[in-house]
Amino acid sequence: MTTAKDIMHPGADWIPSHETLDRAAQLMRDLDVGALPIADTQERLTGILTDRDIVVGCVAEGHDPAKVTAAEMAHGTPRWIDSGADVDAVLHEMQEHQIRRLPVIENKRLVGMISEADLAQHLSEAQIAAWAERVYASG
């Protein structure tokens, strides 16, 4: 059985919820990623911040990214998957919630992220096509 841990990008970094969006953007640049999980002071997942969130939700709204925190951009219930979950569970979670990135948790700690690129590397063309159809379907 292929698990979330088998297909994830290991060693994902997160941003503390109190950190500002300009710092988040710098970290995304340095890590060459488009999203960062947001964690509270006890390293619990509180959301995911994307580069698009920073641009559309902060800059385009006329806010200063040096003054807006990651916590202010975290909306809704964060989605995640256990590292031991099988690929079908990963696909279901991403499809059900129409998300493109999924944090992987092991023993209550972030151990990796699953993105579209990870799926493309590890799944069959049929699996990817079915996933894309559901995730990108208009609601």
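The backbone N or O of P16 lies less than 3.5 Å from no partner atom in the side chain of E19, so there is not a single donor-acceptor pair. A donor-acceptor pair is defined here as one N or O able to donate and one able to accept, closer than 3.5 Å; no such pair exists between the side chain of N107 and the backbone of R109.
Rounded to the nearest 0.5 angstrom, R101 CZ and D118 CG are separated by 11.0 Å. Rounded to the nearest 0.5 Å, atoms CG (D64) and CG (D22) are 7.5 Å apart. Between the CD atom of Q121 and the CD1 atom of I128 there is a distance of 9.5 Å, given to the nearest 0.5 Å.
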Evaluation steps, side-chain contact (heavy atoms from CB on, under 4.5 Å), between M73 and V68 | CA-CA 8 Å; M73 297 302 293; V68 177; 4.3 Å; yes
Go through the steps to decide whether I7 and T2 satisfy the test side-chain contact (heavy atoms from CB on, under 4.5 Å), and finish with yes or no.
-> CA-CA 8 Å; I7 66 170; T2 303; 3.8 Å; yes
Derivation and outcome, side-chain contact (heavy atoms from CB on, under 4.5 Å), residues L36 and L31 = CA-CA 10 Å; L36 291 169; L31 297 172; 4.1 Å; yes
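Put simply, M28 and L21 are part of the same group of oily side chains (I, L, V, M, F, W, Y) that touch within less than 4.5 Å, one to the next. By the criterion of side-chain heavy atoms lying less than 4.5 angstrom apart, applied directly or through intervening Ile, Leu, Val, Met, Phe, Trp or Tyr residues, M8 is not grouped with L45; the two fall into different hydrophobic clusters.
Annotation for M113: hydrophobic cluster partners, listed by chain and number, are I48 (ILVMFWY side-chain heavy atoms under 4.5 Å, direct or chained).
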Less than 3.5 Å apart, which donor and acceptor atoms pair up between the side chains of residues 76-96 and the rest of the protein, not counting sequence neighbours?
unit_1	atom_1	unit_2	atom_2	d
R79	NE	E93	OE2	2.6
R79	NE	H97	NE2	3.4
R79	NH2	E93	OE2	2.9
R79	NH2	H97	NE2	3.3
D82	OD2	G84	N	2.9
S83	OG	E106	OE1	2.8
D86	OD1	D88	N	3.1
D86	OD1	A89	N	2.9

Please list, one pair per line, the donor and acceptor atoms closer than 3.5 Å that link side chains of residues 49-61 to other protein atoms, with sequence neighbours excluded.
unit_1	atom_1	unit_2	atom_2	d
T50	OG1	R52	N	3.4
T50	OG1	D53	N	3.0
T50	OG1	D53	OD1	3.3
T50	OG1	D53	OD2	3.1
D53	OD2	T50	N	2.9

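The one candidate from V111, T3, L110 that meets the side chain to side chain contact (heavy atoms under 4.5 Å, CB included) condition with V104 is V111.
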